[in-house]
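Taking it in order: structure first as structure tokens, then the write-up.
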There are 4 protein chains.
Amino acid sequence: MAGVNKVILVGNLGADPEVKYLEGDNVVANLRLATTESYKDRSGNRVEQTEWHDLELWGQQAKIAEQYLKKGSQIYVEGKIKSDTWQDEQGQNRKKVRIRVLSFTMLGGRPDNAPNAPNMPATSTNAPKASVQTSSGPEIDLSDTDDDLPF
Amino acid sequence: MAGVNKVILVGNLGADPEVKYLEGDNVVANLRLATTESYKDRSGNRVEQTEWHDLELWGQQAKIAEQYLKKGSQIYVEGKIKSDTWQDEQGQNRKKVRIRVLSFTMLGGRPDNAPNAPNMPATSTNAPKASVQTSSGPEIDLSDTDDDLPF
Amino acid sequence: MAGVNKVILVGNLGADPEVKYLEGDNVVANLRLATTESYKDRSGNRVEQTEWHDLELWGQQAKIAEQYLKKGSQIYVEGKIKSDTWQDEQGQNRKKVRIRVLSFTMLGGRPDNAPNAPNMPATSTNAPKASVQTSSGPEIDLSDTDDDLPF
Amino acid sequence: MAGVNKVILVGNLGADPEVKYLEGDNVVANLRLATTESYKDRSGNRVEQTEWHDLELWGQQAKIAEQYLKKGSQIYVEGKIKSDTWQDEQGQNRKKVRIRVLSFTMLGGRPDNAPNAPNMPATSTNAPKASVQTSSGPEIDLSDTDDDLPF
DNA sequence: TTTT
DNA sequence: TTTT
């Protein structure tokens, strides 16, 4: 039956991406993203509440994350909630929730390691911000190569 | 620091709402929501994948959920990801992820137990679908009482 | 520069889809969707405010809309805002805003004209609710055929 | 009938906010926001497509926009589509679509004119990024005054 | 455990 | 563990 499972986050990475190259030319990147909410409590004091999200990126997006994201990077993320369930050694049911990222966009300033040669004109197609929108369901073949970064 | 933490779901309840009345006139409802995704695998077979979400509603929304939602109900949900963390008896760090619902809307047909008397005119303010939005624009008066359900 | 342009709607069609078959095997469907918001004004009276949206669907989605949607259908829509600008006969700048639909899902009950023969097994791939998620950027080739409906 | 009308944008302002102070202590700000999408056409050339959105903010949000946003500012916006319709001098039906902003968040670096004195402690409540959310959870006290900007 |  |  048809459903919708959508997550939208804006936050900062708590650490550099952790990237694993798997067999069969597959790549996965894991990110820790903090989204912080700020509000006033009853006493009028400003309170900050931070939620930490475990993000998972696959394929070309994992590679772009590896290359351009790092601890502190601010990103916009779109994805879906995905959980793994298993039994632990005590026979207890366990569940781990992750955000499967379907697209992300770097926010704020130009990344330090963006591919912009010095003296490159401002109107260069090497735009200063990364936008990655593979919108890849499992059945879609994204035959991108490393030379073919989306920005 | 400013962030965004937003979840949008459309799915069906796997069970009737579980409602607890707490001290201090507080109410909480817990719902189990299934979002099902359907796609074709490499062999061309249609595959269904269901994700189960733990929803948490508070206050007036909890009461409306109790009154109008039941096992099988299809709803649109907007909320945010919220996790509790603690140490279990083995001293292991544990984390439980929930969706804190900020608004929801009943989808599909008129709920069985909707407050529509027979012979009630079609233009009755007892509209057939529940829409609950605790968050309102500045011009909207939310002086709701318990007798004053938003539909 | 990287941006986000996302629209999420839940509403009902004000009329049957208008479908045009263009040259080159292209199809476009135009839908009128009403989203209705209900709130109480200062006097405590319930007020309904309806916004009408012009939706545009292309390709396989247009065909599915033609086949399964009709006046009154309730759908969930995801898309982006897209405007055409031109000069009218008086030389005035004009602008027309549409929602370019990227995916939609039928809500509520089984559509009347869904392809479920009586005695059809429950596991039929002709599932009773349409879910269309081509997530088609302009560069993605969706070589679906009519026999290959996504439900 | 219950509906959903939601817009999520990330983009940059094309000009400084235009703010009007109305009678009765009301304020409205109009913003022009560009969302740019980048993709490759059939020839493999990168193409940028920019959509311009007319945003409308009211009350406290309008004041914050006036104070902290300017041409070029990158923001995350959440709102709804809202159209005005009228007849022009030729008796033609006209329609103007705007985004009614319900919340916004400044992205990227610290705004130039943010209220951070030099030597101000890092834990100052005068946080450098604006987050404005008129819609709040039930437990949040929104007793803001004009002197009491939410960051 | 839902829905189709 | 981020950001401000």
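Convention: sequence-line order gives letters A, B, ...; per-chain numbering from 1.
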Please report, rounded to the nearest Å, how far the [atom2] atom of [N] is from the [atom1] atom of [X].
X        : N     : atom1 : atom2 : result
B:His53  : E:dT3 : NE2   : C1'   : 13 Å
A:Asn30  : F:dT2 : CG    : C1'   : 17 Å
B:Leu107 : E:dT4 : CG    : C1'   : 15 Å
A:Phe104 : F:dT2 : CZ    : P     : 20 Å
B:Ile75  : E:dT2 : CD1   : C1'   : 11 Å
B:Asn5   : F:dT3 : CG    : C1'   : 15 Å
D:Tyr76  : F:dT3 : OH    : P     : 21 Å
A:Gln74  : F:dT3 : CD    : C1'   : 8 Å

Quick one: salt bridge (Lys or Arg N to Asp or Glu O under 4.0 Å) partners of B:Lys96, sequence neighbours excluded? B:Asp54

Test salt bridge (Lys or Arg N to Asp or Glu O under 4.0 Å) applied to A:Glu56 - qualifying residues, sequence neighbours left out: A:Arg98

Quick one: the side chain of A:Thr50 and the base of F:dT2, do they pair up donor-acceptor inside 3.5 Å? yes

Under 3.5 Å, is there an N or O donor on one side and an acceptor on the other linking the side chain of B:Thr36 and the base of E:dT4? no

In this structure, are over 12 heavy atoms from other groups packed under 6.0 Å from A:Lys95 atom NZ? yes

With the side chain of A:Lys71 defined as its heavy atoms from C-beta on, choose the nearest nucleotide among F:dT2, E:dT4, E:dT2. F:dT2

Salt-bridge criterion met for C:Lys6 and A:Glu78 (N-O under 4.0 Å): yes

Would you indicate what A:Ser73 reaches in the nucleic acid, counting non-hydrogen atoms under 4.0 angstrom: base, sugar-phosphate, or nothing? nothing

